[in-house]
Amino acid sequence: MSPEPIRAGRVALLGRPNVGKSTLLNALLGEPIAITSPHPQTTREAVRGVLTVGPTQYVFVDTPGLHAARTKLGDRMNRTARDVASEADAVVLVAEVRASRAGAGGGEAGKPAFSTADYEADLALARELGRLPAVLVLNKIDKLRDKTQLFPILETFGAAHAFAAIVPMSARKGDGAPGLLKELRELLPEQPFLYEADTLSDQPERFFVAEFVREQILKHTRQEVPHGVAVVVERFDEIGDVPHIELAIHVAREAHKKILIGAKGHMMKTIGTAARARVEKMLGKKVHLRLWVRATPDWMNDPAKLRELGFGQDSTTNELPRGSR
Ligand code: GDP
Ligand code: MG
């Protein structure tokens with residue numbers, strides 16, 4: 001028997017905000033590298049995670065969710081997601097199952113259990129895939145009491161795009177991941193690995209440090225604060241045994257600055273302590289972490305500020321090494 005051929009390629013995770021793309025990426029990698037939260041639009045940049053299993057290398061690209069953009073930052077997030085998808089070898093479209101509006105209560109006996117209206121936005125994305133090879137993940141099936149409700153959903157999505165496979169799963173529980181990987185392998189081109197086999201991500205450490213700080217801000221503050229937060233590493237000195245890391249937290253309003261600092265600096269302390277623990281775990285050593293809060297009014301709508309804070313037009317889409325296609 002001849003050995004299985006080497007396959008490698010990019011797989012874009014696409015879908016509306018909050019359907020569980022980042023959770024799925026972490027489940028597939030077995031490592032929590034993408035930050036997740038119940039706040040929509042947590043992921044801003046394309047985060048790449050590399051998984052090498054036997055003769056297959058998957059380069060997953062988590063994307064910001066496609067949404068109706070209300071700021072220039074939102075525009076850029078949408079553009080990033082579409083660019084990543086168009087350059088991928090395969091797409092995983094993620095949609096979440098939910099109880100039908102028509103069948104309030106989760107589709108109990110006698111009530112209509114499925115309405116395409118609930119899935120209009122997802123179906124539109126499915127149609128937009130055109131000729132891209134894609135697998136559909138119907139996520140969060142742990143929320144569905146009656147699994148027979150899946151049948152009409154499968155049928156409707158199957159009519160919207162010729163998916164190579166449809167995988168109902170729960171990204172949070174991680175079940176279904178092996179089956180999804182098997183389906184995806186079939187869509188990848190036969191070519192050498194794009195990264196060393198032990199690579200987990202091609203993002204630099206400083207990227208993760210900033211994301212871990214942002215993750216804690218999302219965890220500890222409410223709705224409007226997180227949407228206007230940008231975290232930038234201003235200093236990352238490796239001199240000596242204990243790296244000194246300084247980060248600036250840009251917020252959109254003076255009022256948000258007050259919230260983030262908190263009474264007697266309490267909030268800042270909570271965020272800093274939790275983020276430091278996460279960074280120390282990643283780096284495997286102690287670090288000094290200092291956080292500064294700066295009010296940069298309405299930076300999300302200022303093209304110059306967006307560039308300054310790292311949301312450059314091309315900064316997130318052109319870094320992947322090209323496969324030999
Ligand atoms: P993204 O915006 O698509 O990246 O979504 P996230 O991965 O950040 O997840 C959004 C929210 O959905 C988070 O609160 C997750 O914990 C939750 N979530 C993700 N996957 C599942 C799942 O399989 N089941 C349930 N019940 N919740 C999930
Ligand atoms: Mg995300």
Side-chain angles (χ1 to χ4, degrees), residues 11-49 60-70 73-74 76-85 88 91-99 106 118-119 121-122 124-126 134-147 149-150 153 166-181 201 203 207-208 210-223 226-227 229-231 278 311 316-317:
V11 180
L13 303 178
L14 207 68
R16 290 180 305 100
N18 243 20
V19 292
K21 297 176 295 300
S22 298
T23 306
L24 177 62
L25 174 67
N26 292 340
L28 291 166
L29 296 176
E31 294 270 349
I33 71 162
I35 69 169
T36 66
S37 93
H39 292 286
Q41 294 160 44
T42 296
T43 307
R44 285 195 184 145
E45 297 187 52
V47 178
R48 282 167 289 260
F60 292 106
V61 193
D62 185 17
T63 64
L66 289 163
H67 61 286
R70 276 173 298 155
L73 174 65
R76 265 176 216 190
M77 286 160 62
N78 277 339
R79 213 178 314 147
T80 300
R82 289 205 157 84
D83 287 352
V84 166
V91 168
V92 174
L93 178 66
V94 185
E96 63 179 315
V97 297
R98 65 204 99 127
D118 291 336
Y119 292 90
D122 298 316
L125 286 178
V135 170
L136 174 70
V137 164
L138 287 173
N139 194 28
K140 309 194 187 180
I141 53 159
D142 52 291
K143 284 185 167 179
L144 211 61
R145 265 179 291 158
D146 175 7
K147 303 288 189 267
Q149 286 182 23
L150 278 171
I153 304 175
I166 300 183
V167 183
M169 67 179 285
S170 167
R172 189 182 270 177
K173 292 184 179 167
D175 61 357
L180 175 59
L181 291 174
S201 174
Q203 301 278 7
F207 169 83
F208 290 107
E211 285 290 273
F212 293 161
V213 170
R214 200 159 63 85
E215 184 171 46
Q216 292 307 319
I217 297 170
L218 287 166
K219 200 167 166 182
H220 293 285
T221 61
R222 280 173 200 280
Q223 213 61 37
H227 286 303
V229 166
V231 182
R278 201 78 166 76
F311 298 99
T316 54
T317 52

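We count ligands from 1, going down the list as the structure has it; atoms in each ligand are counted the same way.
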Asker: Does Gly20 reach ligand 1 with a nitrogen or oxygen that is under 3.5 Å from one of the ligand's nitrogen or oxygen atoms?
Answerer: yes

Asker: With no hydrogens and no angle check, is any side-chain donor or acceptor of Asp62 less than 3.5 Å from a backbone partner on Leu13?
Answerer: no

Asker: Report the distance from atom CZ of Arg48 to atom CZ of Phe60, rounding to the nearest 0.5 Å.
Answerer: 14.5 Å

Asker: Taking side-chain hydrogen bond (donor to acceptor under 3.5 Å, both in side chains) as the definition, give me every residue that meets it alongside Thr36, ordered by chain and number, with sequence neighbours left out.
Answerer: none

Asker: May I ask you to decide if Ala171's main-chain N or O and Asn139's side chain share a donor-acceptor pair within less than 3.5 Å?
Answerer: yes

Asker: Can you tell me how far apart CG (Asn18) and CD (Glu96) are? Round to the nearest 0.5 Å.
Answerer: 7.0 Å

Asker: So does Ala95 get a backbone contact from the side chain of Asp122, meaning a donor-acceptor N/O pair under 3.5 Å?
Answerer: no

Asker: Compute the shortest N/O to N/O distance between Asp62 and ligand 1 and return yes if it is under 3.5 Å, no if not.
Answerer: no

Asker: Ignoring water, what protein N, O or S atoms are under 2.8 Å from the Mg ion (ligand 2)?
Answerer: Ser22 OG, Thr43 OG1

Asker: Is any side-chain heavy atom of Phe207 less than 4.5 Å from a side-chain heavy atom of Ser201?
Answerer: no

Asker: Going by the order shown, which atoms of ligand 1 are within less than 4.0 Å of some heavy atom of Ser22?
Answerer: 4 (O), 7 (O)

Asker: Of the side chain and backbone of Asp142, name the one, both, or neither that has a heavy atom under 4.0 Å from an atom of ligand 1.
Answerer: side chain

Asker: Of Glu96, Lys140, Met169, which has the heavy atom at the shortest distance from atom 28 (C) of ligand 1?
Answerer: Lys140

Asker: Which atom pair, heavy atoms only, marks the closest approach of Ser170 to Asp142?
Answerer: OG-OD1, 3.0 Å

Asker: Thr23 heavy atoms, cut-off 4.0 Å: which ligand 1 atoms fall inside?
Answerer: 6 (P), 7 (O), 9 (O), 15 (C), 19 (C), 20 (N)

Asker: Here's a test for you: under side chain to side chain contact (heavy atoms under 4.5 Å, CB included), which of Leu181, Val92, Leu28 qualifies with Val11?
Answerer: Val92

Asker: Hey, is Asn139 touching ligand 1 through its side chain, its backbone, both or neither, going by heavy atoms under 4.0 Å?
Answerer: side chain

Asker: When rounded to the nearest 0.5 angstrom, what distance separates NZ in Lys21 from CZ in Arg16?
Answerer: 8.5 Å

Asker: Does the residue Ala171 have a heavy-atom contact with ligand 1, meaning some pair of atoms that are separated by less than 4.0 Å?
Answerer: yes

Asker: Checking the side chain of Arg98 only, and the main-chain atoms of Asp118 only, is there a donor and an acceptor separated by less than 3.5 Å?
Answerer: yes

Asker: Please report the C-alpha distance between Leu93 and Val137 in whole Å, then the side-chain angles of each, then the deciding distance to 0.1 Å, and finally whether the side-chain contact (heavy atoms from CB on, under 4.5 Å) criterion is met.
Answerer: CA-CA 6 Å; Leu93 178 66; Val137 164; over 6 Å; no

Asker: Enumerate the atoms of ligand 1 whose separation from the nearest heavy atom of Lys143 is less than 4.0 angstrom.
Answerer: 26 (N)

Asker: Going by the atom numbers of ligand 1, which of them fall below 4.0 Å from some non-hydrogen atom of Lys21?
Answerer: 1 (P), 2 (O), 3 (O), 4 (O), 5 (O), 7 (O)

Asker: Please say whether Lys173 places an N or O atom under 3.5 Å from an N or O atom belonging to ligand 1.
Answerer: no

Asker: Does Ser170 reach ligand 1 with a nitrogen or oxygen that is under 3.5 Å from one of the ligand's nitrogen or oxygen atoms?
Answerer: yes

